Amino acid sequence: MQTVHEPASLRAVIRGWRAEGKTVGLVPTMGNLHAGHFSLIRHARARADRVVASIFVNPTQFGPNEDFERYPRTLVQDQAGLADEGCDLLFAPEVSALYPLGPERAVKVHVPRLGEILDGASRPGHFDGVATVVCKLFNLVQPDFAVFGQKDYQQLRVIERMVADLGLTVKVMGAATVRAADGLALSSRNQYLDDRERAVAVEVSATLRQMQALMAGGHAREAVEQAAMARLVQSGFVPDYAVIRRAEDLEIPAPEADLTSLVALVAARLGTTRLIDNLPFSAA
Ligand code: PAF
């Protein structure tokens, strides 16, 4: 597997592949790769002639008091893992390569409403950073498709909306969340948890399953959300939200609406670690 750091080198490799008529799949990441990321690489590997992964800890999607500085950077280990999974090319740019004017002066992609609610409200500007960097990566790589984890459910929806609204030709694919044996969704941030917190973290996915079961049992959405918040607080979390939303646009489902396509979403802090997870389901 080849690693390139400069956009010009990336474009040169991809130009060569395109001249040979190869299809290209992209897996954007921030590195510190785990089994969840490798499942995205395998998803791409099964569908494209050539697979590009990117590793870039994107400063514009972190708030001022968030974990940009301490976010784990493990490039050598990541390169070995990507090579093992059959990734063809790793793009690992410096900040200046993606933000030539500096992150503060960068042109921004903003996705109104969908990028402003839930995590967009808890982490103002987060989805501007995500949409902006993903738009840049799509423009540089010009892949046939790109694969994102469904664990970042709102992110996936924001990227789909950006692609549709800007008329980009890349196909956006979501791949299933990979979980530890006890149900905890894999995340690079799980390693911030100490042993006690790691044991408690399972409550996030357990709460989501309870939300699904209560909705399927005909309970009112508001009561289900309140029970979920109470359970998380009782377990020692400081929850940002525990909500049931329409899967397609993350808006509140009307009581009389069709309940076939819903998603339960949780974001909650445990100590200094913020965990997110979700569970798409039908309550019809
Ligand atoms: O999900 C991530 O790792 C990041 O948000 C992404 C999509 C690579 C953009 O920086």
Side-chain angles (χ1 to χ4, degrees), residues 7 10 25-41 43-44 51-63 66-75 77-78 81-82 85 87 89-99 103 106-111 114-115 118-120 122-141 143 145-163 166 168 170-178 185-192 265 267 273-278:
L10 173 76
L26 170 66
V27 181
T29 82
M30 297 206 301
N32 192 240
L33 305 179
H34 51 65
H37 295 112
F38 294 132
S39 78
L40 306 183
I41 299 288
H43 193 96
V51 176
V52 181
S54 62
I55 292 183
F56 181 64
V57 185
N58 172 35
T60 65
Q61 68 187 77
F62 290 80
E66 295 186 351
D67 56 343
F68 175 67
E69 297 300 339
R70 75 164 172 153
Y71 199 86
R73 289 153 170 91
T74 51
L75 184 63
Q77 185 187 311
D78 293 345
L82 289 169
E85 295 294 346
C87 180
L89 179 66
L90 169 62
F91 178 49
E94 296 294 331
V95 171
S96 57
L98 286 194
Y99 296 105
V107 171
K108 280 183 194 164
V109 179
H110 178 71
V111 178
L114 188 52
L118 301 174
D119 268 6
S122 304
R123 305 180 66 190
H126 170 66
F127 287 119
D128 290 359
V130 170
T132 300
V133 80
V134 170
C135 193
K136 284 171 182 277
L137 291 168
F138 284 177
N139 192 31
L140 286 168
V141 177
F145 66 84
V147 191
F148 298 86
Q150 285 171 351
K151 189 209 147 233
D152 295 297
Y153 195 87
Q154 188 175 4
Q155 168 172 283
L156 180 59
R157 289 285 178 246
V158 163
I159 292 166
E160 286 170 348
R161 177 75 59 85
M162 172 187 76
V163 164
L166 295 182
L168 306 183
V170 55
K171 182 171 161 46
V172 176
M173 294 179 173
T177 302
V178 178
L186 296 194
S187 163
S188 300
R189 291 190 167 100
N190 292 350
Q191 65 194 265
Y192 299 154
L265 302 122
T273 309
R274 187 173 186 275
L275 299 174
I276 61 170
D277 198 358
N278 67 84

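Source: prediction; values computed, not measured. For ligands, and for the atoms within them, numbers begin at 1 and follow the listed sequence.
- Residue, atom and distance of the protein heavy atom nearest to atom 10 (O) of ligand 1 are Q61 OE1, 2.6 Å.
- Under the 6.0 Å distance and 45° angle rule, R73 counts as a cation-pi partner of F68.
- Relative orientation of the F56 and Y99 rings is tilted, given thresholds of 30° and 60° on the angle between their planes.
- For atom 2 (C) of ligand 1, the choice among H37, K136, Q155 with the nearest heavy atom turns out to be Q155.
- Of the N and O atoms on the side chains of T74 and D78, at least one donor lies less than 3.5 Å from an acceptor on the other residue.
- Using a cut-off of 4.0 Å between Lys/Arg side-chain N and Asp/Glu carboxylate O, R157 and D152 are scored as not salt-bridged.
- With a 4.0 Å cut-off on non-hydrogen atoms, T29 touches ligand 1 through its backbone and not its side chain.
- For ligand 1, the atoms sitting less than 4.0 Å from at least one non-hydrogen atom of V133 are 9 (C), 10 (O), numbered in the order shown with element in parentheses.
- A donor-acceptor contact closer than 3.5 angstrom links the side chains of D67 and Y192.
- Ligand 1 places these atoms under 4.0 Å from at least one heavy atom of P28: 8 (C).
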